[in-house]
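Order of the sequence lines sets the chain letters (A, B, ...), proteins ahead of strands, with each chain counted from 1. The model shown is predicted, which means the values in this text are computed figures rather than measured ones.
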2 protein chains.
Amino acid sequence: MSRVNYGEPLVMLAALIRWFFLASITGVIVGVGTSLFLLGLNYLSEQTAGVSLGVQMLLLPLAGLLNGLILYYGYEKVKNRENDSVITAVHERFGRMPLKTGIVKPIAAILTLSFGGSAGKEGPSAHIGGTLASWFARLIRLQPETQKVLVTCGISAGFSSVFGTPLAGTIYGIEVLTIGQLRHDVLFPSLVAGVTSYQVSRWFGIPYSYYRYQHEVPHLEDLFLKMIIIGIFCGLASWLLIEMLERTRTLFQSIQQRFHIWKPAMPLFGGIVLSSLLLFLPTDYLGLSLPLMGQALAGEQVDFFTFFWKALFVAITLGSGFYGGIGTPQFVIGATAGNVIARMLDLDPVLGAAVGMMAVLAACSNTPVAAIVMGFELFGSSIGMYLVTACVTAYYIVGHRSVYPDQRVIFPKT
Amino acid sequence: MSRVNYGEPLVMLAALIRWFFLASITGVIVGVGTSLFLLGLNYLSEQTAGVSLGVQMLLLPLAGLLNGLILYYGYEKVKNRENDSVITAVHERFGRMPLKTGIVKPIAAILTLSFGGSAGKEGPSAHIGGTLASWFARLIRLQPETQKVLVTCGISAGFSSVFGTPLAGTIYGIEVLTIGQLRHDVLFPSLVAGVTSYQVSRWFGIPYSYYRYQHEVPHLEDLFLKMIIIGIFCGLASWLLIEMLERTRTLFQSIQQRFHIWKPAMPLFGGIVLSSLLLFLPTDYLGLSLPLMGQALAGEQVDFFTFFWKALFVAITLGSGFYGGIGTPQFVIGATAGNVIARMLDLDPVLGAAVGMMAVLAACSNTPVAAIVMGFELFGSSIGMYLVTACVTAYYIVGHRSVYPDQRVIFPKT
């Protein structure tokens, strides 16, 4: 049944060409913005990489104070911080984002991460992407609905540049907006923006790691059941991360209100708490913790509670008011949790880490399809079936929570 | 922000376990049903494989007459045939399907395909899956909403068994219900049912083919643009197939009404038309036409108009009232169209066929995510980016048409 008229392919082609240009330009702009952020982050992180424990313990409160000051003075809406989330912007304001926070927040994130705050680099990248796309849309005076799509493109482009997986980045940028569905209508523009942005970042020399799974994958049956167990475990780890984030945020807020503490000082206290934890725990949990993820993915022995400590560091960092993303922590927690549970199930810990990493992403961000596609892009298709089982299971177990509280529940999970 | 109470992981776990059992049983039942259908089809197809052209020209009208009689007498609702589509059942009747057509339709499909009618085996498999799942749901007295999910599982299981790609089958079964979104909530049960059903079919010895793409994939840039061209071409090929299906159906209906022809005789006339075409055209376009697809995927030289002739044969077969699926034709048309356009673009025709096959599936069925995942499962992840570009482009170009007119448009594409 042809629901629309005969000229539809021509109309669609025109729409396609228009989006191809708009999305390509967005991709270039976002690629440049995200790459500059990542280069800045890499540069400052290298400067602080080798510092002694004492210096590190000083850097953390300092980063906290700087974060507090920057966010408080550089950015008025600190009282209602969620309002400038890109997710809210797409849902409530046709994607309109203030340009100012597109500069302030990345600087705060670079300080957080390179001075030892435990967080991610994905959120800031998506923030840059959304902000620049919104700026570009206003520059060329797009209509609100078109602007909204272009901002979604910007978010996808930001994720593609930071993940190094353009396809998964594209889908993640769309899927992360809601819980319970993946809309198709923005796929093409987002894909064009994502691929372009990723290419720009490669041109800037941003390094990416892929870990093809080379081992023989054992065949189905009981492995399928074991993957459900890994999924359940990773779902619970995701639940833990989300709850800890929420609880520490509430705790720091109530302390601030109870003792009438000057708001910008709160991350300073968070920094002090993190520094004191360093008296008992290694510095591995600071910053992005990519070495921990690398060890887990290489199949090395990982301590059982690694995922717990990482979640705690992240919760204190973000809960006390540092600005940073929440993407990388999901990878670190997922890879380490997957590694240890796989060992307990007598499975290859490399497979466990790969699958666990994607399962926690699927659960925490409510993005099962993006996680599955990213698994394919990072590890190859040989682990496909196991990947999917663990991702989908974890996605259910975590329930209707999210590390992004602004996500809209479109369809409940069961 | 925890939106639901603390016990949610436990509630989700209980839901997961319940669905695991329900979906596994559904998967076994559907796996047995689909396998018997596929075995019957393979058996009868072998019997008719070597017949002479004369016999073949007699078999086609005979199959038409048998189809007409079976559908007319075995199945009352012939006047409003769409009413027992599984898609409509899920949308309008909580998935309730009459058990009778679950037997009548597969028999008609086996006759159609093995006697030379040009159609597919996917639709009948999904029909078997949906019918058996609906029967099982009523047997154990499930609530309507739960029954609806279980029927979706059955559809996914049917596709998994017939495709041989459990993951893509699962997603296809969910995505094919609507245009414009992929709902997440049925992912877990459908996946369990899909994997189980696929395993059962393997146990029955159903043969599957996978074509890993072994060649070196050239790197991005202009290939990305060429993939958009392939996507546009495959989108137009999809548009052609859908329009031809619709036109021939209308044509045969108006002839029937104009000349007051006895309804069961219409497929007989369709068979005669097909037989007369054999005077000018090879028999390659009859049945499933898997050899054509195989040639295209092997990179052999394929005639430019192959996809057109295949579409014509399929349109006459299904339009005149034969019963059969529309999945395999999409593969054949996509692979041959992709092969020829790739050659014109100076690309590897193997890559073109692989990508084109998935692009036509994405467009005709409005299932871009399933097509992408199937591409990964069939060809490996090395072609990922190109696959996606072509699939998404074709999906747009085809507009809001579908080979499944019962699909609901949830979100328009642009």
Fill in the blank from the handout: Rounding to 0.5 Å, atoms CG (B:Leu167) and CG (A:Leu387) come to a distance of 8.5 Å

Practice task
To the nearest 0.5 angstrom, please state how far the CE atom of B:Met12 sits from the CH2 atom of A:Trp239.
Solution key: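 Separation between the atoms: 14.0 Å.
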
Problem - Which portion of B:Leu16 sits near chain A, non-hydrogen atoms under 4.5 angstrom - result: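 B:Leu16 touches chain A through side-chain heavy atoms alone.
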
Handout entry: chain A contact via B:Thr389 - side chain, backbone, both or neither, heavy atoms under 4.5 Å
Key = both

Handout entry: Side chains of B:Val388 and A:Phe188 in contact at under 4.5 Å (non-hydrogen atoms)
Key =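 Side chain of B:Val388 against side chain of A:Phe188, heavy atoms only: no contact under 4.5 Å found.
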
Handout entry: Sole residue of B:Val392, B:Ile372, B:Thr393 in side-chain contact (heavy atoms from CB on, under 4.5 Å) with A:Leu187
Key = B:Val392

[X], part contacting chain B, at a heavy-atom distance under 4.5 Å:
X        : value
A:Ile228 : side chain
A:Ile171 : neither
A:Ile232 : side chain

Exercise for the section: Write down the atom of A:Phe20, the atom of B:Leu225, and the distance for their closest heavy-atom approach. Expected result: CZ-CD2, 3.9 Å

